[in-house]
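Model, not experiment: these values are computed from the prediction. Quick note on labels: first sequence line is chain A, next is B, and so on, each numbered from 1.
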Amino acid sequence: MSSTHDEHGSVDLSSENKFMNRLIGLGKIFDGPATFFREKFVEKNRKEYPYYHRNYPRVPTIDECAFGDHVCFFEANEQFLRDRKVDKFITQILARRAHECYIKHGPYDGFEKCRQLDEDHEKALTNYYIKYGDLGSNATCIDAYMKQKHRLIWQRRNPEKDIVGLEKQKEIRKEVAEYQKRITEDPIKA
Amino acid sequence: MIVHSKLINLVPVIAKSNLRHGLKENVSKGLNSNLNYSQLRHSHARTMFIRPGKFYTKKYFDTLHFHFCLAGLPFFLFIAYQNFFVGPAILNDIPEDYEPRYWEYHKNPIKRFMSRYVFEIPERAYERNLHFIYVEGCKQKMRNLEKKVKTMMKENQDYKAWYYVPVPKETLEMKKEYHQKYGSLGYESKYTK
(Lines give C-alpha, C1' and ligand atoms only; values in the text may rest on other atoms or scores of the structure.)
Protein backbone atom coordinates (compact mmCIF):
# COMPACT_ATOMS: atom_id res chain seq x y z
CA MET A 1 0.00 0.00 0.00
CA SER A 2 1.66 3.21 -1.05
CA SER A 3 0.90 5.94 1.43
CA THR A 4 2.12 9.52 1.27
CA HIS A 5 2.24 11.74 4.32
CA ASP A 6 2.59 15.08 2.61
CA GLU A 7 -0.79 16.39 3.77
CA HIS A 8 -1.60 16.41 7.40
CA GLY A 9 -4.14 13.71 8.28
CA SER A 10 -4.71 12.29 4.80
CA VAL A 11 -3.37 8.95 3.54
CA ASP A 12 -3.53 7.97 -0.13
CA LEU A 13 -5.08 4.48 -0.27
CA SER A 14 -4.67 3.76 -3.97
CA SER A 15 -2.36 1.34 -5.72
CA GLU A 16 -1.99 -0.39 -9.05
CA ASN A 17 -2.21 -3.77 -7.37
CA LYS A 18 -5.59 -5.53 -7.79
CA PHE A 19 -5.09 -7.57 -4.66
CA MET A 20 -4.37 -4.48 -2.58
CA ASN A 21 -7.35 -2.69 -4.10
CA ARG A 22 -9.63 -5.55 -3.10
CA LEU A 23 -8.27 -5.55 0.41
CA ILE A 24 -8.89 -1.82 0.58
CA GLY A 25 -12.46 -2.43 -0.61
CA LEU A 26 -12.92 -4.97 2.16
CA GLY A 27 -11.91 -2.31 4.65
CA LYS A 28 -14.45 0.06 3.17
CA ILE A 29 -17.29 -2.30 4.13
CA PHE A 30 -16.61 -1.42 7.74
CA ASP A 31 -16.18 2.19 6.78
CA GLY A 32 -19.57 2.56 5.07
CA PRO A 33 -22.03 2.51 7.97
CA ALA A 34 -19.83 4.78 10.07
CA THR A 35 -19.54 7.43 7.36
CA PHE A 36 -23.28 7.20 6.60
CA PHE A 37 -24.18 7.70 10.26
CA ARG A 38 -21.77 10.57 10.60
CA GLU A 39 -22.89 12.43 7.50
CA LYS A 40 -26.60 12.12 8.18
CA PHE A 41 -26.90 12.63 11.91
CA VAL A 42 -23.74 14.04 13.30
CA GLU A 43 -22.50 16.60 10.80
CA LYS A 44 -25.87 18.34 10.62
CA ASN A 45 -26.15 18.99 14.34
CA ARG A 46 -22.62 20.29 14.76
CA LYS A 47 -21.36 23.82 14.29
CA GLU A 48 -17.81 24.32 13.13
CA TYR A 49 -15.60 26.43 15.32
CA PRO A 50 -11.87 27.03 15.02
CA TYR A 51 -8.82 26.52 17.13
CA TYR A 52 -5.35 27.90 16.50
CA HIS A 53 -1.73 27.07 17.15
CA ARG A 54 0.11 29.42 19.44
CA ASN A 55 2.37 31.87 17.70
CA TYR A 56 5.32 32.72 19.92
CA PRO A 57 7.06 35.99 19.03
CA ARG A 58 10.83 36.08 18.89
CA VAL A 59 12.51 37.62 21.92
CA PRO A 60 16.17 38.63 22.31
CA THR A 61 18.52 35.68 22.65
CA ILE A 62 21.02 35.18 25.44
CA ASP A 63 23.84 36.95 23.63
CA GLU A 64 21.75 40.13 23.59
CA CYS A 65 20.92 40.01 27.29
CA ALA A 66 22.77 42.07 29.86
CA PHE A 67 24.50 40.41 32.78
CA GLY A 68 22.13 40.38 35.76
CA ASP A 69 18.97 40.69 33.64
CA HIS A 70 17.12 37.63 34.89
CA VAL A 71 13.89 38.36 33.03
CA CYS A 72 15.73 38.48 29.70
CA PHE A 73 17.46 35.22 30.59
CA PHE A 74 14.16 33.54 31.46
CA GLU A 75 12.56 34.46 28.14
CA ALA A 76 15.67 33.51 26.17
CA ASN A 77 15.75 30.15 27.95
CA GLU A 78 12.11 29.45 27.08
CA GLN A 79 12.83 30.27 23.46
CA PHE A 80 15.89 28.01 23.52
CA LEU A 81 13.85 25.05 24.81
CA ARG A 82 11.15 25.61 22.21
CA ASP A 83 13.75 25.74 19.44
CA ARG A 84 15.31 22.55 20.71
CA LYS A 85 11.97 20.75 20.54
CA VAL A 86 11.31 22.02 17.04
CA ASP A 87 14.74 20.93 15.84
CA LYS A 88 14.19 17.50 17.35
CA PHE A 89 10.94 17.11 15.41
CA ILE A 90 12.62 18.30 12.24
CA THR A 91 15.23 15.53 12.50
CA GLN A 92 12.46 12.99 13.10
CA ILE A 93 10.56 14.14 10.01
CA LEU A 94 13.66 13.83 7.85
CA ALA A 95 14.31 10.36 9.26
CA ARG A 96 10.75 9.36 8.42
CA ARG A 97 11.11 10.57 4.84
CA ALA A 98 14.32 8.63 4.29
CA HIS A 99 12.80 5.51 5.83
CA GLU A 100 9.75 5.71 3.54
CA CYS A 101 12.01 6.09 0.53
CA TYR A 102 13.87 2.95 1.53
CA ILE A 103 10.60 1.07 2.03
CA LYS A 104 9.46 2.10 -1.45
CA HIS A 105 12.63 1.21 -3.34
CA GLY A 106 14.17 -1.46 -1.18
CA PRO A 107 17.55 -1.44 0.53
CA TYR A 108 19.60 -1.94 -2.66
CA ASP A 109 18.09 0.73 -4.90
CA GLY A 110 17.47 2.98 -1.97
CA PHE A 111 21.18 3.41 -1.48
CA GLU A 112 21.28 5.38 -4.73
CA LYS A 113 17.85 6.95 -4.90
CA CYS A 114 17.50 8.02 -1.28
CA ARG A 115 20.98 9.56 -1.16
CA GLN A 116 19.72 13.13 -0.93
CA LEU A 117 17.28 12.38 1.86
CA ASP A 118 19.95 10.47 3.76
CA GLU A 119 22.34 13.38 3.48
CA ASP A 120 19.73 15.85 4.69
CA HIS A 121 18.98 13.67 7.68
CA GLU A 122 22.67 13.23 8.45
CA LYS A 123 23.32 16.96 8.24
CA ALA A 124 20.38 17.74 10.50
CA LEU A 125 21.58 15.24 13.09
CA THR A 126 25.13 16.58 13.10
CA ASN A 127 23.95 20.15 13.42
CA TYR A 128 21.61 19.19 16.24
CA TYR A 129 24.49 17.47 18.03
CA ILE A 130 26.75 20.47 17.50
CA LYS A 131 24.20 22.81 19.06
CA TYR A 132 22.37 20.77 21.71
CA GLY A 133 24.27 17.51 22.09
CA ASP A 134 25.80 16.25 25.34
CA LEU A 135 24.30 19.11 27.36
CA GLY A 136 21.63 16.99 29.04
CA SER A 137 17.90 17.49 29.51
CA ASN A 138 18.34 20.25 32.13
CA ALA A 139 20.29 22.41 29.72
CA THR A 140 19.92 26.17 29.73
CA CYS A 141 20.66 28.65 27.00
CA ILE A 142 23.85 29.63 28.81
CA ASP A 143 25.19 26.06 28.50
CA ALA A 144 24.65 26.09 24.76
CA TYR A 145 26.17 29.57 24.49
CA MET A 146 29.29 28.49 26.36
CA LYS A 147 29.52 25.36 24.23
CA GLN A 148 29.47 27.52 21.12
CA LYS A 149 32.11 29.78 22.59
CA HIS A 150 34.45 26.88 23.33
CA ARG A 151 33.84 25.38 19.91
CA LEU A 152 34.74 28.64 18.16
CA ILE A 153 37.88 28.99 20.27
CA TRP A 154 38.87 25.42 19.41
CA GLN A 155 38.21 26.10 15.72
CA ARG A 156 40.35 29.20 15.92
CA ARG A 157 43.20 27.24 17.48
CA ASN A 158 42.88 24.26 15.12
CA PRO A 159 41.93 25.73 11.75
CA GLU A 160 42.75 22.77 9.54
CA LYS A 161 41.18 19.89 11.46
CA ASP A 162 37.69 18.72 10.55
CA ILE A 163 36.08 16.51 13.18
CA VAL A 164 32.59 16.46 11.62
CA GLY A 165 33.62 14.68 8.45
CA LEU A 166 30.54 15.16 6.23
CA GLU A 167 32.57 15.37 3.05
CA LYS A 168 34.54 12.30 3.99
CA GLN A 169 31.26 10.40 4.44
CA LYS A 170 30.14 11.50 1.00
CA GLU A 171 33.34 10.18 -0.57
CA ILE A 172 33.02 6.87 1.24
CA ARG A 173 29.46 6.44 -0.04
CA LYS A 174 30.50 7.22 -3.58
CA GLU A 175 33.23 4.62 -3.44
CA VAL A 176 30.80 1.99 -2.14
CA ALA A 177 28.29 2.82 -4.89
CA GLU A 178 30.97 2.50 -7.58
CA TYR A 179 32.11 -0.81 -6.11
CA GLN A 180 28.52 -2.09 -6.20
CA LYS A 181 28.14 -1.10 -9.83
CA ARG A 182 31.39 -2.81 -10.80
CA ILE A 183 30.39 -5.96 -8.95
CA THR A 184 27.01 -6.22 -10.67
CA GLU A 185 28.40 -5.58 -14.12
CA ASP A 186 31.31 -7.96 -13.92
CA PRO A 187 31.59 -9.98 -10.73
CA ILE A 188 34.64 -11.88 -11.77
CA LYS A 189 36.73 -8.95 -12.97
CA ALA A 190 36.09 -6.42 -10.19
CA MET B 1 -37.89 -49.95 60.88
CA ILE B 2 -40.99 -49.46 58.85
CA VAL B 3 -41.80 -51.28 55.69
CA HIS B 4 -44.25 -49.68 53.26
CA SER B 5 -46.22 -50.96 50.39
CA LYS B 6 -45.32 -50.71 46.72
CA LEU B 7 -47.52 -47.61 46.37
CA ILE B 8 -44.68 -45.66 47.87
CA ASN B 9 -42.75 -46.12 44.61
CA LEU B 10 -45.03 -43.49 43.03
CA VAL B 11 -43.48 -40.77 45.20
CA PRO B 12 -40.07 -39.62 43.93
CA VAL B 13 -37.59 -39.92 46.74
CA ILE B 14 -34.46 -37.88 45.99
CA ALA B 15 -33.09 -37.18 49.42
CA LYS B 16 -33.09 -39.80 52.13
CA SER B 17 -33.84 -38.14 55.42
CA ASN B 18 -31.44 -37.64 58.30
CA LEU B 19 -33.61 -39.76 60.53
CA ARG B 20 -31.85 -42.78 59.19
CA HIS B 21 -28.71 -41.86 61.08
CA GLY B 22 -27.94 -44.71 63.41
CA LEU B 23 -29.81 -47.36 61.48
CA LYS B 24 -27.26 -49.57 59.83
CA GLU B 25 -28.61 -52.82 58.49
CA ASN B 26 -27.51 -54.94 55.62
CA VAL B 27 -30.00 -54.41 52.86
CA SER B 28 -29.44 -56.96 50.14
CA LYS B 29 -30.47 -55.72 46.75
CA GLY B 30 -32.61 -57.57 44.32
CA LEU B 31 -35.44 -59.30 46.12
CA ASN B 32 -35.78 -56.63 48.79
CA SER B 33 -35.29 -53.69 46.49
CA ASN B 34 -38.77 -52.38 47.03
CA LEU B 35 -38.15 -51.85 50.71
CA ASN B 36 -37.82 -48.20 51.72
CA TYR B 37 -36.26 -47.40 55.03
CA SER B 38 -36.90 -43.64 54.85
CA GLN B 39 -39.49 -41.86 56.98
CA LEU B 40 -42.19 -40.05 55.06
CA ARG B 41 -45.15 -38.03 56.22
CA HIS B 42 -47.19 -38.25 52.96
CA SER B 43 -48.05 -34.54 53.14
CA HIS B 44 -47.48 -33.31 49.54
CA ALA B 45 -45.61 -34.21 46.38
CA ARG B 46 -43.16 -31.28 46.45
CA THR B 47 -39.58 -31.80 47.41
CA MET B 48 -36.61 -29.46 47.67
CA PHE B 49 -35.09 -28.71 44.29
CA ILE B 50 -31.34 -28.80 44.65
CA ARG B 51 -29.50 -26.28 42.51
CA PRO B 52 -26.34 -24.10 42.73
CA GLY B 53 -26.43 -20.88 44.72
CA LYS B 54 -27.50 -17.54 43.26
CA PHE B 55 -25.98 -15.20 45.83
CA TYR B 56 -22.72 -14.34 44.10
CA THR B 57 -24.19 -13.90 40.61
CA LYS B 58 -26.92 -11.64 41.94
CA LYS B 59 -24.42 -9.61 43.93
CA TYR B 60 -22.16 -9.24 40.92
CA PHE B 61 -24.90 -7.99 38.62
CA ASP B 62 -26.24 -5.76 41.35
CA THR B 63 -22.93 -3.96 41.85
CA LEU B 64 -22.42 -3.76 38.08
CA HIS B 65 -25.82 -2.16 37.63
CA PHE B 66 -25.16 0.23 40.51
CA HIS B 67 -21.88 1.52 39.11
CA PHE B 68 -23.20 1.70 35.58
CA CYS B 69 -26.21 3.77 36.61
CA LEU B 70 -24.20 6.03 38.88
CA ALA B 71 -21.20 6.76 36.65
CA GLY B 72 -21.24 4.81 33.40
CA LEU B 73 -24.53 6.01 32.00
CA PRO B 74 -24.18 9.71 32.87
CA PHE B 75 -20.67 9.91 31.47
CA PHE B 76 -21.66 7.97 28.37
CA LEU B 77 -24.58 10.32 27.76
CA PHE B 78 -22.40 13.36 28.35
CA ILE B 79 -19.72 12.15 25.96
CA ALA B 80 -22.32 11.18 23.35
CA TYR B 81 -23.88 14.63 23.57
CA GLN B 82 -20.46 16.24 23.25
CA ASN B 83 -19.57 14.20 20.17
CA PHE B 84 -22.95 14.47 18.44
CA PHE B 85 -23.82 18.10 18.96
CA VAL B 86 -20.61 19.93 19.76
CA GLY B 87 -17.64 18.13 18.27
CA PRO B 88 -13.93 19.01 18.33
CA ALA B 89 -12.56 22.24 16.94
CA ILE B 90 -10.98 22.56 13.50
CA LEU B 91 -7.48 23.90 12.99
CA ASN B 92 -7.32 27.26 11.24
CA ASP B 93 -4.63 29.75 10.50
CA ILE B 94 -4.67 32.80 12.68
CA PRO B 95 -6.32 35.56 10.68
CA GLU B 96 -4.67 38.94 10.57
CA ASP B 97 -5.76 41.70 12.96
CA TYR B 98 -7.17 39.12 15.31
CA GLU B 99 -5.60 37.81 18.47
CA PRO B 100 -7.25 34.56 19.56
CA ARG B 101 -8.48 34.35 23.13
CA TYR B 102 -6.56 32.13 25.48
CA TRP B 103 -9.11 29.25 25.35
CA GLU B 104 -9.18 29.11 21.58
CA TYR B 105 -5.85 27.34 21.49
CA HIS B 106 -7.41 24.03 22.59
CA LYS B 107 -9.16 21.43 20.45
CA ASN B 108 -11.33 19.51 22.91
CA PRO B 109 -14.46 21.40 24.03
CA ILE B 110 -14.08 20.21 27.62
CA LYS B 111 -10.50 21.54 27.70
CA ARG B 112 -11.73 24.81 26.23
CA PHE B 113 -14.34 25.09 28.93
CA MET B 114 -11.87 24.33 31.71
CA SER B 115 -9.25 26.75 30.40
CA ARG B 116 -11.90 29.44 29.99
CA TYR B 117 -13.66 29.18 33.33
CA VAL B 118 -11.53 27.13 35.72
CA PHE B 119 -7.82 27.58 35.10
CA GLU B 120 -6.00 30.86 35.09
CA ILE B 121 -4.99 32.85 32.06
CA PRO B 122 -1.54 31.68 30.91
CA GLU B 123 -0.46 35.10 29.69
CA ARG B 124 -1.31 36.62 33.05
CA ALA B 125 0.57 33.87 34.92
CA TYR B 126 3.57 34.33 32.65
CA GLU B 127 3.77 38.06 33.23
CA ARG B 128 3.31 37.58 36.95
CA ASN B 129 6.19 35.10 37.01
CA LEU B 130 8.38 37.56 35.15
CA HIS B 131 7.53 40.19 37.77
CA PHE B 132 8.57 37.87 40.60
CA ILE B 133 11.82 37.05 38.82
CA TYR B 134 12.56 40.77 38.44
CA VAL B 135 11.79 41.56 42.07
CA GLU B 136 13.95 38.70 43.36
CA GLY B 137 16.77 39.83 41.07
CA CYS B 138 16.59 43.33 42.50
CA LYS B 139 16.67 41.98 46.05
CA GLN B 140 19.65 39.80 45.16
CA LYS B 141 21.56 42.79 43.82
CA MET B 142 20.84 44.87 46.93
CA ARG B 143 21.98 42.06 49.20
CA ASN B 144 25.22 41.60 47.25
CA LEU B 145 25.91 45.32 47.45
CA GLU B 146 25.33 45.33 51.17
CA LYS B 147 27.72 42.42 51.65
CA LYS B 148 30.41 44.17 49.66
CA VAL B 149 30.06 47.37 51.66
CA LYS B 150 30.25 45.41 54.91
CA THR B 151 33.47 43.66 53.91
CA MET B 152 35.06 46.95 52.89
CA MET B 153 34.10 48.56 56.17
CA LYS B 154 35.60 45.59 57.97
CA GLU B 155 38.84 45.90 56.06
CA ASN B 156 39.26 49.65 56.18
CA GLN B 157 37.69 50.33 59.55
CA ASP B 158 36.95 53.86 58.45
CA TYR B 159 33.20 54.04 59.18
CA LYS B 160 31.29 53.80 62.40
CA ALA B 161 28.45 51.67 60.90
CA TRP B 162 29.10 47.91 61.20
CA TYR B 163 32.24 47.21 63.18
CA TYR B 164 32.34 50.11 65.58
CA VAL B 165 32.39 49.09 69.22
CA PRO B 166 32.53 52.06 71.63
CA VAL B 167 35.34 51.44 74.10
CA PRO B 168 36.57 53.59 77.08
CA LYS B 169 39.84 55.36 76.43
CA GLU B 170 41.61 53.61 79.35
CA THR B 171 41.72 50.34 77.42
CA LEU B 172 43.33 52.10 74.48
CA GLU B 173 45.94 53.64 76.76
CA MET B 174 46.68 50.29 78.33
CA LYS B 175 47.08 48.83 74.85
CA LYS B 176 49.51 51.58 73.92
CA GLU B 177 51.64 50.99 77.02
CA TYR B 178 51.70 47.27 76.37
CA HIS B 179 52.79 47.79 72.77
CA GLN B 180 55.52 50.17 73.86
CA LYS B 181 56.72 47.66 76.42
CA TYR B 182 56.47 44.39 74.56
CA GLY B 183 56.00 45.31 70.90
CA SER B 184 52.98 44.81 68.68
CA LEU B 185 53.43 41.02 68.64
CA GLY B 186 53.48 40.65 72.41
CA TYR B 187 57.04 39.36 72.50
CA GLU B 188 60.32 40.45 71.06
CA SER B 189 60.73 39.08 67.60
CA LYS B 190 64.52 38.88 67.69
CA TYR B 191 64.30 35.73 69.83
CA THR B 192 62.18 33.90 67.16
CA LYS B 193 64.07 34.77 64.03
Between chain A and chain B, which N and O donor-acceptor pairs fall under 3.5 Å? A table would be great.
| residue | atom | partner | partner atom | Å |
| --- | --- | --- | --- | --- |
| R46(A) | NE | N83(B) | O | 2.9 |
| R46(A) | NH2 | N83(B) | O | 2.5 |
| Y49(A) | O | I90(B) | N | 3.0 |
| Y49(A) | OH | G87(B) | O | 2.5 |
| P50(A) | O | R112(B) | NH1 | 3.2 |
| P50(A) | O | R112(B) | NH2 | 3.4 |
| Y51(A) | N | I90(B) | O | 2.9 |
| Y51(A) | O | N92(B) | N | 3.0 |
| Y52(A) | N | E104(B) | O | 3.1 |
| R54(A) | NH1 | E123(B) | OE2 | 3.2 |
| G68(A) | O | K141(B) | NZ | 3.1 |
| E75(A) | OE2 | Y126(B) | OH | 3.4 |

Single-linkage hydrophobic cluster, 4.5 Å side-chain cutoff, L81(A) and Y129(A) together: no

Is there a path of hydrophobic side-chain contacts, each under 4.5 Å between heavy atoms, that joins I110(B) and F113(B)? yes

Rounded to the nearest 0.5 Å, what separation is found between the CG atom of L130(B) and the SG atom of C72(A)? 10.5 Å

Give a yes or no on this: more than 12 heavy atoms of other residues, nucleotides or ligands lie within 6.0 Å of atom CE of M146(A). yes

Name all pairs fulfilling the disulfide (SG to SG under 2.5 Å) condition that reach into residues 58-92 of chain B, sequence neighbours left out, sorted by first residue then second. none

Applying salt bridge (charged side-chain N to carboxylate O under 4.0 Å, His left out) as the test, list every pair that has at least one member in residues 120-140 of chain A; sequence neighbours left out. E122(A)-R173(A)

By salt bridge (Lys or Arg N to Asp or Glu O under 4.0 Å) - contacts of D83(A) (at least two apart): R58(A)

